[in-house]
Amino acid sequence: LIDWDFLSLLYYDTGSTQLRNVPRICLHTDMYSYGDNVLLSRALYDKTAMHWNIHHIKTKSGLFRYRLCLQKKETD
């Protein structure tokens, strides 16, 4: 069940906001695989009509972690 309540709980648990040059809202879904993030971003788009980008970050050990971030046009 993905709805606005789910999104608010997910943001409360894993979310962050950066207010540098461009506001960025991210969900730190590091514990999910790339495929899980793809499915989650599609499901969030289907329910909320907000576009989410998958950002990958390479750790010092060489592994990748993934985050979902709202596209810039969604934060304007």
Discussion item. Would a single hydrophobic cluster contain both L39 and M31, if residues Ile, Leu, Val, Met, Phe, Trp and Tyr are joined by side-chain heavy-atom contacts under 4.5 Å?
Written reply: no

Discussion item. Considering only residues two or more places apart or on different chains, which pairs with a residue in residues 27-46 satisfy salt bridge (charged side-chain N to carboxylate O under 4.0 Å, His left out)?
Written reply: D30-R65, D30-R67

Response to the item:
Between the CZ atom in R24 and the CG atom in N53, the distance rounded to the nearest 0.5 Å is 8.5 Å

Item to complete: Check the pair L40 / L27 against side-chain contact (heavy atoms from CB on, under 4.5 Å), numbers first and verdict last.
Response: CA-CA 11 Å; L40 183 57; L27 299 173; 5.5 Å; no

Item to complete: Answer whether the closest heavy-atom distance between the side chains of W52 and L70 falls below 4.5 Å.
Response: yes

Worksheet entry | disulfide (SG to SG under 2.5 Å): pairs with one or both residues in residues 9-65, sequence neighbours excluded | C26-C69

Worksheet item: In chain order, what residues pass the side-chain hydrogen bond (donor to acceptor under 3.5 Å, both in side chains) check against T29, with sequence neighbours excluded?
Response: N37

Item to complete: Apply ring pair (Phe, Tyr, Trp, His ring centres under 6.0 Å) to H51 and list each qualifying residue two or more places apart in sequence or on a separate chain.
Response: Y45

Worksheet, complete the sentence: Sequence neighbours excluded, the answer for side-chain contact (heavy atoms from CB on, under 4.5 Å) partners of Y34 is V38, I54, Y66

